[in-house]
Amino acid sequence: MEELYQDMSITNGVLTITFNIFTNAGGWGKFTNGYKFRYQDAQFMLIGADHFYLHRGSGETEDRSYNFITKKVKISTGNISTHIKQTAWRPIKFKQL
């Protein structure tokens, strides 16, 4: 298994921490997860998250981008053999950040 931690950056006041999960044996999936935080009210608030999945056998992909401020998730599915993706927006239900 590769090192999980991939990157950390601050852009427009948003801290993003990215992790990658890739195993050489025992699984067909590759995952990349990113978490977005904004510093406000003297604390870091989780405002978004991104999840990417690739099935290395079939080439199927799924991207999920969560926006906790707008309470929506964008879900895109496709295949690495084509640039065509199907995208849908869905609401996220929670009471507070």
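The basis for the numbers below is simple: all heavy atoms, side chains too, and nothing from hydrogens, waters or symmetry mates. Positions are given from 1, in the same order as the sequence printed here.
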About how many Å separate [atom2] of [Y] and [atom1] of [X], when rounded to the nearest 0.5 Å?
{"X": "S58", "Y": "I80", "atom1": "OG", "atom2": "CD1", "value": "8.0 Å"}
{"X": "K36", "Y": "I17", "atom1": "NZ", "atom2": "CD1", "value": "12.5 Å"}
{"X": "N20", "Y": "Y5", "atom1": "CG", "atom2": "OH", "value": "12.5 Å"}
{"X": "S65", "Y": "F52", "atom1": "OG", "atom2": "CZ", "value": "13.5 Å"}
{"X": "R64", "Y": "D50", "atom1": "CZ", "atom2": "CG", "value": "12.5 Å"}

Within the side chain of [X], is there an N or O that forms a donor-acceptor pair under 3.5 Å with the backbone of [Y]?
{"X": "N79", "Y": "T82", "result": "no"}
{"X": "N33", "Y": "A49", "result": "no"}
{"X": "R56", "Y": "G27", "result": "yes"}

Just wondering, do [Y] and [X] contact through their side chains at under 4.5 Å, heavy atoms?
{"X": "R38", "Y": "I69", "value": "yes"}
{"X": "L4", "Y": "I21", "value": "yes"}
{"X": "K74", "Y": "N67", "value": "no"}
{"X": "L46", "Y": "Y35", "value": "yes"}

Side chain to side chain contact (heavy atoms under 4.5 Å, CB included) assessment of Y39 paired with L15:
CA-CA 8 Å; Y39 190 75; L15 168 67; over 6 Å; no
Ring of F94, cation from K71 - is the NZ or CZ under 6.0 Å from the centre and inside 45° of the axis?
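Judged by the rule (NZ or CZ under 6.0 Å from the ring centre, within 45° of its axis), K71 counts as positioned above F94.
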Pair T16-S9, side-chain donor/acceptor within less than 3.5 Å
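The criterion, which ignores hydrogens and geometry beyond distance, is not satisfied for S9 and T16.
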When hydrophobic residues are tied together by side-chain contacts of less than 4.5 Å, even through go-betweens, does I75 share a cluster with Y66?
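Same hydrophobic cluster.
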Determine the interplanar angle of the F44 and F37 rings, folded into 0 to 90°, and report it as parallel if under 30°, tilted if 30 to 60°, perpendicular if over 60°.
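Perpendicular, since the angle between the ring planes exceeds 60°.
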Can we say D63 and K85 salt-bridge, meaning some charged N sits less than 4.0 Å from an Asp/Glu carboxylate O?
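So D63 pairs with K85 through a salt bridge.
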Report the C-alpha distance between V14 and I47 in whole Å, list the side-chain angles of each, state the deciding distance to 0.1 Å, and finish with yes or no for side chain to side chain contact (heavy atoms under 4.5 Å, CB included).
CA-CA 9 Å; V14 176; I47 61 168; 4.1 Å; yes
Audit row: F19, Q6, side chain to side chain contact (heavy atoms under 4.5 Å, CB included) steps and yes/no
CA-CA 5 Å; F19 299 92; Q6 289 298 303; 5.8 Å; no
